Amino acid sequence: MAPASKAEKKAAVDAAAWMFNVVTSVGVIIVNKALMATYGFSFATTLTGLHFATTTLMTVILRMLGYIQPSHLPLPELLKFVFFANFSIVGMNVSLMWNSVGFYQIAKLSMIPVSCLLEVVLDKMRYSRDTKLSIGVVLLGVGVCTVTDVSVNAKGFIAALIAVWSTSLQQYYVHYLQRKYSLSSFNLLGHTAPAQAASLLLVGPFLDYWLTDNRVDRYAYNAGSLMFIFLSCTIAVGTNLSQFICIGRFTAVSFQVLGHMKTILVLMLGFFFFGRDGLNLHVIVGMIIAVVGMIWYGNASSKPGGKERWGHSLSLPTNKTESR
């Protein structure tokens with residue numbers, strides 16, 4: 001049997017990275033839903049802070065074992081990233097609280113065109129017609145699946161606007177920082193996770209109290225809820241790492257487009273575990289359209305001219321560590 005080519009090896013690693021992200025992301029969503037629905041733990045921002053605290057512990061252990069090499073990330077860049085990342089988390093939580101589920105899903109879908117705009121303006125990226133059309137098909141399919149009642153108010157719209165732009169900027173900066181400073185996913189997490197953990201654990205309890213009128217320190221913890229919190233934090237380590245790996249290997253736009261596969265999987269798992277209530281003809285049609293769009297996007301963006309830079313964009317070193 002002939003040895004695998006470099007392209008085949010890259011394709012295999014790319015597929016493994018996507019699967020790692022999909023499995024951990026869907027897993028943490030299901031665990032969090034069970035934690036909140038079964039045990040009434042509604043402190044989403046504080047829980048996210050615990051996720052990053054666990055991720056920080058993982059990076060410290062890996063650094064002690066020699067798996068993470070010393071690296072440098074300037075403080076202004078770190079603060080800018082943490083600012084966008086934390087506003088993304090807070091904005092998403094507040095948007096979900098203040099908006100209908102339908103408008104929340106529309107806001108999530110709008111991250112794809114916003115991410116495209118960032119790549120066009122900041123990276124001088126140009127998309128082929130097929131790539132743009134495939135993105136439109138993905139948006140249509142996921143919209144048909146998930147968008148139901150749509151109502152919005154002024155404060156909900158502002159929260160969604162902040163969430164969309166901060167999330168798009170945070171994901172853009174993951175790719176940007178890894179390229180500019182030649183950082184592996186582990187290195188970047190080692191820089192950003194401690195700052196996010198500290199800031200979210202400081203702000204989270206107050207924000208959660210404002211949103212839910214409940215205090216995290218007065219929650220009735222028991223063995224079941226603690227087990228689910230521990231499980232959520234453990235899976236979230238993989239989610240955080242896989243997000244950085246995927247965006248580092250691809251782009252924020254590709255991560256957003258193919259990431260909607262997680263939405264489809266969550267809907268399907270909800271059907272299998274919780275019955276037929278959420279599944280009907282228009283949801284099935286939407287799933288099919290979305291999957292077709294994702295396959296089309298994968299083919300279109302991988303072809304010559306599918307996505308390419310034009311003009312004089314910033315020349316950045318490639319990430320050697322993640323390309324192995």
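Every value quoted in this text rests on a predicted model; they were computed, and no experiment measured them.
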Worksheet item: Yes or no on side chain to side chain contact (heavy atoms under 4.5 Å, CB included) for Trp18 and Cys246, after CA distance, side-chain angles and deciding distance?
Response: CA-CA 7 Å; Trp18 280 119; Cys246 287; 4.0 Å; yes
Worksheet item: Which pairs count as ring-ring contact (aromatic ring centres under 6.0 Å, His included) when at least one residue sits in residues 190-216, sequence neighbours excluded?
Response: Trp98-Trp210
Worksheet item: For Val23, what are the other residues in its hydrophobic cluster, where any two members join if their side-chain heavy atoms are less than 4.5 angstrom apart?
Response: Met19
Under 3.5 Å, sequence neighbours excluded: what are the donor-acceptor pairs made by side chains of residues 44-61?
{"from": "Thr45", "atom 1": "OG1", "to": "Asn93", "atom 2": "ND2", "distance (Å)": "2.9"}
{"from": "Thr45", "atom 1": "OG1", "to": "Asp208", "atom 2": "OD1", "distance (Å)": "3.4"}
{"from": "Thr46", "atom 1": "OG1", "to": "Asp208", "atom 2": "OD2", "distance (Å)": "2.6"}
{"from": "Thr48", "atom 1": "OG1", "to": "Ala44", "atom 2": "O", "distance (Å)": "2.9"}
{"from": "His51", "atom 1": "NE2", "to": "Ser232", "atom 2": "OG", "distance (Å)": "2.7"}
{"from": "Thr54", "atom 1": "OG1", "to": "Leu50", "atom 2": "O", "distance (Å)": "2.8"}
{"from": "Thr55", "atom 1": "OG1", "to": "His51", "atom 2": "O", "distance (Å)": "2.9"}
{"from": "Thr55", "atom 1": "OG1", "to": "Asn240", "atom 2": "ND2", "distance (Å)": "2.9"}
{"from": "Thr56", "atom 1": "OG1", "to": "Phe52", "atom 2": "O", "distance (Å)": "2.8"}
{"from": "Thr56", "atom 1": "OG1", "to": "Ala193", "atom 2": "O", "distance (Å)": "3.3"}
{"from": "Thr59", "atom 1": "OG1", "to": "Thr56", "atom 2": "O", "distance (Å)": "2.7"}

Fill in: Point-to-point distance, once rounded to the nearest 0.5 Å, from CD of Gln196 to OG of Ser88
9.0 Å
Fill in: Check ion pair Lys180-Glu77 (N to O, under 4.0 angstrom)
yes
Worksheet entry | Pair Phe81 + Phe83: ring centers closer than 6.0 Å | no
Worksheet item: Hey, does the side chain of Ser168 reach the backbone of Trp165 with a donor-acceptor pair shorter than 3.5 angstrom?
Response: no
Worksheet item: What's the verdict on side chain to side chain contact (heavy atoms under 4.5 Å, CB included) for His175 and Glu119, showing C-alpha distance, side-chain angles and the deciding distance?
Response: CA-CA 11 Å; His175 191 66; Glu119 287 190 355; 5.9 Å; no
Worksheet item: For Leu188 and Gln178, which heavy atoms make the closest approach, and how far apart are they?
Response: CD2-CG, 3.8 Å
Discussion item. For the CD1 atom of Ile112 and the NZ atom of Lys108, what is their distance to the nearest 0.5 Å?
Written reply: 10.5 Å
Practice prompt. Take Tyr39 and Phe228 through the test side chain to side chain contact (heavy atoms under 4.5 Å, CB included) and record every step on the way to the result.
Written response: CA-CA 9 Å; Tyr39 295 98; Phe228 271 89; 3.5 Å; yes
Worksheet item: Just wondering, do Phe41 and Asn32 contact through their side chains at under 4.5 Å, heavy atoms?
Response: no
Item to complete: Walk me through it: do Asn21 and Ile245 pass the test side chain to side chain contact (heavy atoms under 4.5 Å, CB included)?
Response: CA-CA 9 Å; Asn21 180 255; Ile245 291 175; over 6 Å; no
Response to the item:
Closest heavy-atom pair, Tyr127 versus Thr131, reported as atoms and distance to 0.1 Å, is CD2-CG2, 3.6 Å
Fill in: Gap between atom CG of Leu122 and atom CG of Leu117 - 0.5 Å precision
8.0 Å
Worksheet entry | Linked, directly or transitively: Phe244 and Ile89 (ILVMFWY side chains, under 4.5 Å) | no
Worksheet entry | Side-chain donor or acceptor of Asp123 paired with backbone N/O of Met125 under 3.5 Å | no
Worksheet item: Can Leu177 be reached from Leu241 by stepping across I, L, V, M, F, W or Y side chains whose heavy atoms are under 4.5 Å apart?
Response: yes
Discussion item. Tell me whether Leu35 shares a hydrophobic cluster with Leu231, the cluster being built from Ile, Leu, Val, Met, Phe, Trp, Tyr side chains joined at under 4.5 Å.
Written reply: yes
Response to the item:
From the list Tyr176, Tyr173, Tyr172, ring pair (Phe, Tyr, Trp, His ring centres under 6.0 Å) partner of Phe84 resolves to Tyr173
Worksheet item: In Å and rounded to the nearest 0.5 Å, what is the CG to CG distance from Leu139 to Leu109?
Response: 5.5 Å
Worksheet item: Can you tell if the side chain of Pro205 reaches within under 4.5 Å of the side chain of Asp217, non-hydrogen atoms only?
Response: no
Discussion item. Looking at every non-hydrogen atom in both residues, tell me the closest pair between Ser110 and Val164 and how far apart they are.
Written reply: OG-CG2, 3.4 Å
Item to complete: Give the cluster check for Phe230 versus Ile235: same hydrophobic cluster or not, with ILVMFWY residues linked at side-chain heavy-atom distances below 4.5 Å.
Response: no
Response to the item:
All heavy atoms of Ile135 vs all of Cys116, minimum pair found to be CD1-SG, 3.9 Å
Fill in: Heavy-atom closest pair, residues Val138 and Met294
CG2-N, 3.4 Å
Item to complete: First locate atom CG of Leu118, then atom CE of Met111, and finally report the distance between them rounded to the nearest 0.5 Å.
Response: 12.0 Å
Worksheet, complete the sentence: CG of Leu161 to CD1 of Ile158, rounded to nearest 0.5 Å, is 8.0 Å
Discussion item. Show the nearest heavy-atom pair for residues Gly190 and Arg63, with the distance to one decimal.
Written reply: CA-NH2, 3.8 Å
Worksheet item: Cluster question for you: counting only ILVMFWY and a side-chain heavy-atom cut-off of under 4.5 Å, with indirect links fine, are Leu200 and Ile162 together?
Response: no
Worksheet item: Just wondering, are more than 12 heavy atoms of other shown residues or ligands nearer than 6.0 Å to OH in Tyr219?
Response: yes
